[in-house]
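This report concerns only the one structure given below.
The chains referred to below are lettered A, B, ... by the order of the sequence lines, with proteins before strands, and numbering in each begins at 1.
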Number of protein chains: 2
Amino acid sequence: MTSADLSDKMGEYELKSVRHNVAFRVAATSIVDAIADDLRARLFVGELAGGMALTETDMAASYDVARPTAKAAIEKLVAEGLLVRGVHKTARVAALGPESVRDIYLARAYLESEVLRRLAATRTVPAGAAQANQDIAAVGDGSALAVVEPDMRFHTSLIDAVGNERVSKMYRSLVSEVRLCMTRVQSLNLLDTALIQAEHEKILELIGAGEGEAAAALLDVHLGRARERLVAALGGRPGPAAELPSDLLPS
Amino acid sequence: MTSADLSDKMGEYELKSVRHNVAFRVAATSIVDAIADDLRARLFVGELAGGMALTETDMAASYDVARPTAKAAIEKLVAEGLLVRGVHKTARVAALGPESVRDIYLARAYLESEVLRRLAATRTVPAGAAQANQDIAAVGDGSALAVVEPDMRFHTSLIDAVGNERVSKMYRSLVSEVRLCMTRVQSLNLLDTALIQAEHEKILELIGAGEGEAAAALLDVHLGRARERLVAALGGRPGPAAELPSDLLPS
DNA sequence: GTTCCAAAAGTGTCTAACAAGTGTGCACGC
DNA sequence: GCGTGCACACTTGTTAGACACTTTTGGAAC
């Protein structure tokens with residue numbers, strides 16, 4: 001991508017920012033957010049490969065903003081874990097290696113399995129999660145990447161359902177990386193959409209039945225399979241969780 | 001506190017920053033971090049009361065730095081949850097009300113109880129946690145505030161023991177607020193040090209015995225009591241968890 | 001007393017610049 | 001020829017001053 005492309009793209013953001021009391025308030029409210037959002041999107045798409053250097057000066061020039069603005073956007077992504085950087089060193093796109101994938105998925109499991117237990121204790125089945133799962137089913141086998149959005153929504157709905165502001169914040173600190181992993185899983189076609197959807201459904205059922213322990217166990221299977229398959233795809237040695245348990249095979 | 005006091009205090013940080021290749025590298029590496037650390041310390045001490053406004057200009061003048069530097073420090077504390085601010089509004093010290101306390105302690109419980117379960121599954125008793133608990137015992141009934149540091153260390157040791165980078169990061173996003181709560185609990189003398197220490201000990205025993213469920217349950221009691229007593233002290237209506245279960249009463 | 005307008009205070013962003021740290025390549029000496 | 005050290009380019013950290021815009025506040029008019 002050339003500077004010109006970036007400048008063109010930035011045009012929209014300038015509009016949103018400068019005239020942000022008009023129509024498209026939905027977008028980012030500040031220039032920093034707009035740049036961070038755009039960089040994030042480009043990271044998900046894979047346009048910015050792992051290890052690539054992102055200097056403040058280049059970003060400032062590309063988006064036609066001052067360096068401090070670019071700096072703030074970069075620092076935001078560093079805080080999200082999508083970029084890494086040391087003191088006085090230029091920010092680089094975080095490489096998604098097998099060990100990172102395991103770390104991310106295990107961290108998810110820690111938080112989500114406990115959430116399932118507590119939701120099951122009160123038999124609370126969040127409506128948003130059920131809706132999200134229906135949306136997954138509606139996507140069908142069209143484009144695998146279209147599953148990412150409702151899949152993310154399913155899991156965040158569960159987290160948000162506990163109604164704890166800080167739990168949601170903690171999960172959000174993970175969300176960017178989770179989404180990155182999911183995008184990879186889907187673009188590599190590592191999972192069957194029907195299986196994802198079926199397991200989600202079962203998890204909701206178990207919550208409704210008050211069986212938190214079983215729901216947490218199923219979640220571990222659900223996440224574990226995705227995790228180990230992605231690990232394998234990235235060149236790591238997959239664990240046994242990569243296999244597909246037959247009792248949930250569709251058909 | 002006057003501007004002069006702040007400027008004096010800042011002198012130390014300038015030294016640490018400018019000459020940070022000499023002796024005291026341990027301190028903050030950047031000016032922004034130094035200011036953030038100082039503000040954090042003053043928040044814990046209670047010098048900055050809840051609701052107090054912290055304008056960028058004032059901070060810049062107080063610490064004798066440029067406004068962007070002060071801005072960065074403020075944004076850091078906002079990210080930690082110690083300050084709150086809206087767009088175009090001046091940052092204020094987050095008020096620690098009953099609902100915040102419940103939110104914070106419940107979020108802790110979500111993460112920590114799951115960690116206990118997983119540690120118990122492998123019967124992993126972290127050495128750091130045991131050490132921290134001995135340090136609590138050593139403090140005795142001297143000054144209640146001295147318990148805060150080893151108490152924090154006990155809990156962070158447990159979290160870090162799972163060896164998951166992102167789990168530690170998530171917990172760290174909570175740590176400042178947890179410490180703030182703890183400081184209040186101790187300065188109000190809401191808990192007996194011996195009880196804290198005894199329950200910590202029991203939790204470690206249960207982990208070693210592989211009884212994760214029991215450890216998690218005890219943690220809920222442990223945190224629940226502190227939570228509800230602090231809620232009561234802050235003017236909220238305490239739940240039943242504020243009571244002291246007799247089976248763990250010292251003596 | 002209420003409402004509206006204008007000034008003041010404060011934040012978001014930019015430009016320009018200097019200081020300090022990191023890394024690279026080249027010259028020099030062995 | 002090869003390793004060491006130094007100088008230079010690149011990049012980040014921080015500052016100063018400035019302007020645009022927003023929120024708040026105070027007063028004036030009704």
Do A/V167 and B/L106 have side chains that get closer than 4.5 Å, going by heavy atoms?
-> no
Closest to the B/S30 side chain: D/dT12, D/dT14, C/dT15?
-> D/dT14
Could you check which of D/dT11, D/dT14, D/dT24 has an atom nearest any side-chain atom of A/T55?
-> D/dT11
Residues A/E165, A/K169: salt bridge by 4.0 Å N-O rule = no
Between C1' of C/dG10 and CZ of B/R92, the distance in whole Å | 12 Å
Would you call B/R166 and A/E177 a salt bridge, using N to O less than 4.0 angstrom?
-> yes
Looking at A/R85, does any N or O in its side chain come under 4.0 Å of the phosphate oxygens OP1/OP2 on D/dG13?
-> yes
Of the candidate nucleotides D/dT15, C/dT11, D/dT14, which contains the atom at the shortest distance from the side chain of B/V65?
-> D/dT15
Flag the pair A/E149 and A/R179 as a salt bridge only when some basic side-chain nitrogen lies within less than 4.0 angstrom of an acidic carboxylate oxygen.
-> no
A/E56 side-chain proximity, nearest of D/dT12, C/dT11, D/dT14 = D/dT12
Starting at CG of B/D33 and ending at P of D/dG13, how long is that distance when rounded to a whole Å?
-> 11 Å
Among the candidates D/dC21, D/dT12, C/dT13, find the nucleotide nearest to the side-chain atoms of B/H88.
-> D/dC21
Spacing between A/Y63 atom OH and C/dT13 atom C1', to the nearest angstrom | 18 Å
A/D58 has an atom CG; how far is it from atom P of D/dC10, in whole Å?
-> 12 Å
Expected list for residues 67-79 of chain B near DNA chain D, using heavy atoms below 4.0 Å, is B/R67, B/T69
Could you state the atom-to-atom distance from NZ of A/K89 to C1' of D/dG13 in whole Å?
-> 16 Å
Could you give the CD1-to-P distance, from B/I31 to D/dT12, as a whole number of Å?
-> 18 Å
Give me the one residue out of B/L77, B/L48, B/V78, B/T90 that meets side-chain contact (heavy atoms from CB on, under 4.5 Å) with B/L54.
-> B/L48
Roughly how far, to the nearest 0.5 Å, is CG of A/N164 from OH of A/Y171?
-> 15.0 Å
Would you call the rings of A/H200 and A/H155 parallel, tilted or perpendicular, where under 30° means parallel and over 60° means perpendicular?
-> perpendicular
